[in-house]
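Quick note: numbers below take in every heavy atom, side chains included, and nothing from hydrogens, waters or symmetry partners.
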Amino acid sequence: MSEKKTPTLQYRFDGPEDAPVLILGPSLGTTWHMFDRQVPELVKQWRVLRFDLPGHGGAPAHPAGSVAELATRLLATLDGLGVQRFGYAGCALGGAVGIELALRHPERLASLALVAASPRFGTPDEFRQRGVIVRTNGLDPIARSAPDRWFTGGFAAAQPAITEWAVQMVRTTDPGCYIAACEALAAFDVRPELGRIGVPTLVLVGSEDQVTGPAEARTLVAGIHDARLAVVPAASHLVPVEQPAAVTDLLVRHFSTAWQQPFDTGQTALPAAAPVPAPAAPAPVAMPTPAPVPVPAAPPRTAPVAEIAAAAEPPQPVAPPDRYETGLKIRREVLGDAHVEGVLARADEFSGDFEELVTRYAWGEVWDRPALDRRSRSCVTLTALVAGGHLEDLAVHTRAALRNGLTPQEIKEVLLQAAVYCGVPAANSAFRVAQQVIREETTPAE
């Protein structure tokens, strides 16, 4: 039997081979070039590894559906390079990967910087809706609106070349990988776990960031025991691009003074494996060179040390799942938080038991069965609702079908099939309902 190999990430190294390793993780829709302006200073003290998210910057298009999976792929990449201990700085989705590493693999992490990050990115509905837009219209609407999310208005107007560079980064991303990353962010919520992060942490945010702004940064600082906050003036979401000198200075200061020593496991250290040559990287996008930044004196450098992992604990008995909680989770993922919260808010003493029954058995039992995926279940559900003439529920489940990955073209084919087997009048009404929902859900916001 062969084991399925974990895909690795596209990466590049800069800096001296004998220096401690510092990893830079990019945000959704960007490439490793978003840190081009930081690298010249960082390589004076560290061996800098930058990676691309799947399907970004020409990286292989192997979608990763969770932040945990991205962290696993990064660790597999580092294991192949013989890198066992490292500092990590990540922006937005890259920051989420850093949080995941700090929570699940603290023994690997020497220091952490979270840039434009959050313990929860907006609401799940927002990112799943973005996936619907991309699945229907491609990445062009997202690409055209990226500068408004990423930069302040003044910067975008004064730097048209960088603004266009940002648009092209998104436009050339693989749509399937972008949608999977949206799903990963939709499911990411570590607010209850922040207190378990023990690594020294810098939380860095642009003062004008409307995506993950100072409020989200303060939530991180309040939850992480050893965390400091840095708010960079006149900067939005891609603060390393918009205010490169300030970000570089903050990263140098943090990693120079807050590099935690390896855990004492009582094990004998093993020599690190020989480094694997990195693939040739595309030419960096040209940006103006920042003025030199004063760098504080750094402590003596130590090479990263490989460690033997502690023995795994014996598996513990697993309690059977709570079908209501499972059902509530699936119901929210399929129908959206706003819809489910509205339904539950309207439930009273008379209807509450019915809502619990639906959540527990329809969503916690049937929708959770593994033999059909959610796309297939949406096809079956739409057909059944057309046959029964349940137009109000048809509207709800047309939205759900889009969230589950069906395209408008595929929904049309389901309704055409229903016209043959359920009757033309029923399908006629269904087409009107579905057409309106699809227009609402797939029209990009102005």
Engineer: Are the side chain of Thr136 and the backbone N or O of Ile133 linked by a donor-acceptor pair below 3.5 Å?
Structural biologist: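 No, the answer is negative, given that no donor and acceptor are paired below the 3.5 Å cut-off.
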Engineer: Assess the side chains of Gln417 and Glu413: does a donor N or O sit below 3.5 Å from an acceptor N or O?
Structural biologist: no
Engineer: So His225 and Ile197, side chain to side chain contact (heavy atoms under 4.5 Å, CB included) or not? Walk me through it.
Structural biologist: CA-CA 7 Å; His225 174 67; Ile197 296 178; over 6 Å; no
Engineer: Testing the basics here: between Val433 and Leu391, what is the closest heavy-atom pair and its distance to 0.1 Å?
Structural biologist: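 So the two residues come closest at CG1-O, 3.9 Å.
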Engineer: Between Glu325 and Lys329, does any side-chain N to carboxylate O distance fall below 4.0 Å?
Structural biologist: no
Engineer: Tell me whether Arg332 is salt-bridged to Glu341, with the criterion being a basic N under 4.0 Å from an acidic carboxylate O.
Structural biologist: yes
Engineer: Quick one: pull up CE in Met169 and CG in Leu28 and give me the separation to the nearest 0.5 Å.
Structural biologist: 10.5 Å
Engineer: Heavy atoms only: give me the nearest Trp150-Gly29 pair and the separation to one decimal.
Structural biologist: CH2-O, 3.7 Å
Engineer: Tell me which one of Leu9, Thr8, Leu101 satisfies side chain to side chain contact (heavy atoms under 4.5 Å, CB included) with Leu75.
Structural biologist: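 By the side chain to side chain contact (heavy atoms under 4.5 Å, CB included) criterion, Leu75 pairs with just one of Leu9, Thr8, Leu101: Leu101.
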Engineer: Partners of Glu193 by salt bridge (Lys or Arg N to Asp or Glu O under 4.0 Å), sequence neighbours excluded?
Structural biologist: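 Glu193 satisfies salt bridge (Lys or Arg N to Asp or Glu O under 4.0 Å) with Arg104, Arg196 only.
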Engineer: Would you call Glu440 and Arg399 a salt bridge, taking side-chain N to carboxylate O under 4.0 Å as the test?
Structural biologist: yes
Engineer: Show the nearest heavy-atom pair for residues Pro54 and Cys177, with the distance to one decimal.
Structural biologist: O-CB, 3.1 Å
Engineer: Taking side chain as C-beta onward, heavy atoms only, is Thr381 less than 4.5 Å from Trp367?
Structural biologist: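 Yes, side chains in contact.
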Engineer: Of all heavy-atom pairs between Val386 and Ala418, which one has the smallest distance, and what is that distance?
Structural biologist: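 Closest pair (atom of Val386, atom of Ala418, distance): CG1-CB, 3.9 Å.
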Engineer: Would Arg128 and Asp337 pass as an ion pair if we require N to O under 4.0 Å?
Structural biologist: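 Here Arg128 does not pair with Asp337 in a salt bridge, since their nearest N and O are not under 4.0 Å apart.
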Engineer: Carefully, step by step, assess Arg403 and Gln129 under the rule side chain to side chain contact (heavy atoms under 4.5 Å, CB included).
Structural biologist: CA-CA 7 Å; Arg403 293 162 64 90; Gln129 176 65 18; 5.8 Å; no
Engineer: Hey, is the main chain of Glu208 close enough, under 3.5 Å, to the side chain of Gln210 for a donor-acceptor pair?
Structural biologist: yes
Engineer: Taking the side chain from Thr212 and the backbone from Ala116, do they hold a donor-acceptor pair closer than 3.5 Å?
Structural biologist: yes
Engineer: In terms of side-chain geometry, is the basic nitrogen of Asp52 or Arg12 positioned less than 4.0 Å from the acidic oxygen of its partner?
Structural biologist: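 Between Arg12 and Asp52 there is no salt bridge, as every charged N stays at least 4.0 Å from the carboxylate O atoms.
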Engineer: Rounded to the nearest 0.5 Å, what separates atom CG in Leu251 from atom CD in Gln38?
Structural biologist: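 If we round to the nearest 0.5 Å, Leu251:CG and Gln38:CD are 6.5 Å apart.
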Engineer: Can you tell me how far apart CZ (Phe188) and CZ (Phe127) are? Round to the nearest 0.5 Å.
Structural biologist: 11.0 Å
Engineer: Less than 3.5 Å apart, any donor N or O on the side chain of Ser378 or Asn404 sitting next to an acceptor on the other?
Structural biologist: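 The criterion, which ignores hydrogens and geometry beyond distance, is satisfied for Asn404 and Ser378.
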Engineer: Begin with the C-alpha distance, continue with both residues' side-chain angles, and end with the deciding distance and a verdict on salt bridge (charged side-chain N to carboxylate O under 4.0 Å, His left out) for Glu126 and Arg130.
Structural biologist: CA-CA 6 Å; Glu126 293 171 15; Arg130 193 183 296 186; over 6 Å; no
Engineer: State whether a side-chain donor-acceptor pair under 3.5 Å links Arg439 with Thr443.
Structural biologist: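 No pair is found: no donor N or O on one side chain lies under 3.5 Å from an acceptor on the other.
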Engineer: Provide the closest heavy-atom pair for Phe151 versus Ala166 in the form atom of the first, atom of the second, distance.
Structural biologist: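 Of all heavy-atom pairs spanning Phe151 and Ala166, the closest is CE1-CB, 3.8 Å.
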Engineer: Which atom pair, heavy atoms only, marks the closest approach of Glu216 to Ser118?
Structural biologist: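 Reported closest heavy-atom pair: CG-OG, 3.5 Å.
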Engineer: Would you say Tyr88 and Arg108 are linked by a side-chain donor-acceptor pair, where the criterion is simply a distance under 3.5 Å?
Structural biologist: no
Engineer: Under a 3.5 Å cutoff, is there a donor and acceptor pairing between the side chains of Glu242 and Thr152?
Structural biologist: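 Short answer, yes.
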Engineer: Do His105 and Glu107 pass the side chain to side chain contact (heavy atoms under 4.5 Å, CB included) test, and can you show the C-alpha distance, the side-chain angles, and the key distance before you say yes or no?
Structural biologist: CA-CA 5 Å; His105 306 277; Glu107 74 284 354; 3.9 Å; yes
